[in-house]
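Working notes, beginning with the structure itself.
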Amino acid sequence: MQTERVTYLTSAEHKAQLESFAKARGESVGNVVREATTRFMAQPAEAADEEFALRLLARELNDAAPRMQATMERISQNIRDLRAENDVFFREQGIR
């Protein structure tokens with residue numbers, strides 16, 4: 001197998017983490033990078049799109065949750081108010 005050199009720049013912290021990870025696995029940094037890039041390239045493009053869509057959906061749900069909670073609280077209060085009005089009405093009618 002003929003090999004070629006690929007160079008990329010990273011932070012000192014990331015390089016140290018990569019070296020530590022490779023050492024813990026008993027592999028070279030080059031092998032870890034080859035394996036990681038091979039796995040990444042083997043993923044279907046839709047997987048990345050699905051992850052992006054899921055992140056957007058999660059953000060929308062997180063934004064909507066407080067509004068939904070407030071709506072539910074208003075509905076609950078409206079129901080309590082209506083029950084109180086009904087109690088007054090029924091008492092006035094002698095039903096309760």
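Each residue takes its place number in the sequence, starting with 1.
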Practice problem: Assess the side chains of Q77 and R80: does a donor N or O sit below 3.5 Å from an acceptor N or O? | Solution: yes
Under 4.5 Å between any side-chain heavy atoms of [X] and [Y], yes or no?
X   : Y   : result
S28 : R34 : yes
I75 : T71 : yes
K15 : E19 : yes
V32 : E35 : no

Quiz item: Minimum heavy-atom separation for N31 to E27, with atom names?
Solution: ND2-OE1, 2.7 Å
Quiz item: Can you hop from M41 to Y8 via hydrophobic side chains spaced under 4.5 Å?
Solution: no
Practice problem: Give the cluster check for F21 versus V29: same hydrophobic cluster or not, with ILVMFWY residues linked at side-chain heavy-atom distances below 4.5 Å. | Solution: yes
Practice problem: Decide if atom CD of E13 counts as having more than 12 heavy atoms of other residues, nucleotides or ligands within a radius under 6.0 Å. | Solution: no
Practice problem: Look up atom CG in D81 and atom CG in N86, then write down how far apart they are to the nearest 0.5 Å. | Solution: 11.0 Å
Quiz item: How long is the span from the CG atom in N78 to the CZ atom in R74, to the nearest 0.5 Å?
Solution: 8.5 Å
Practice problem: For a side-chain contact (heavy atoms from CB on, under 4.5 Å) with F89, tell me which candidate from E85, R91, Q93 qualifies. | Solution: Q93
Self-check item: Donor-acceptor contact below 3.5 Å, side chain S76 vs main chain M72
Solution: yes
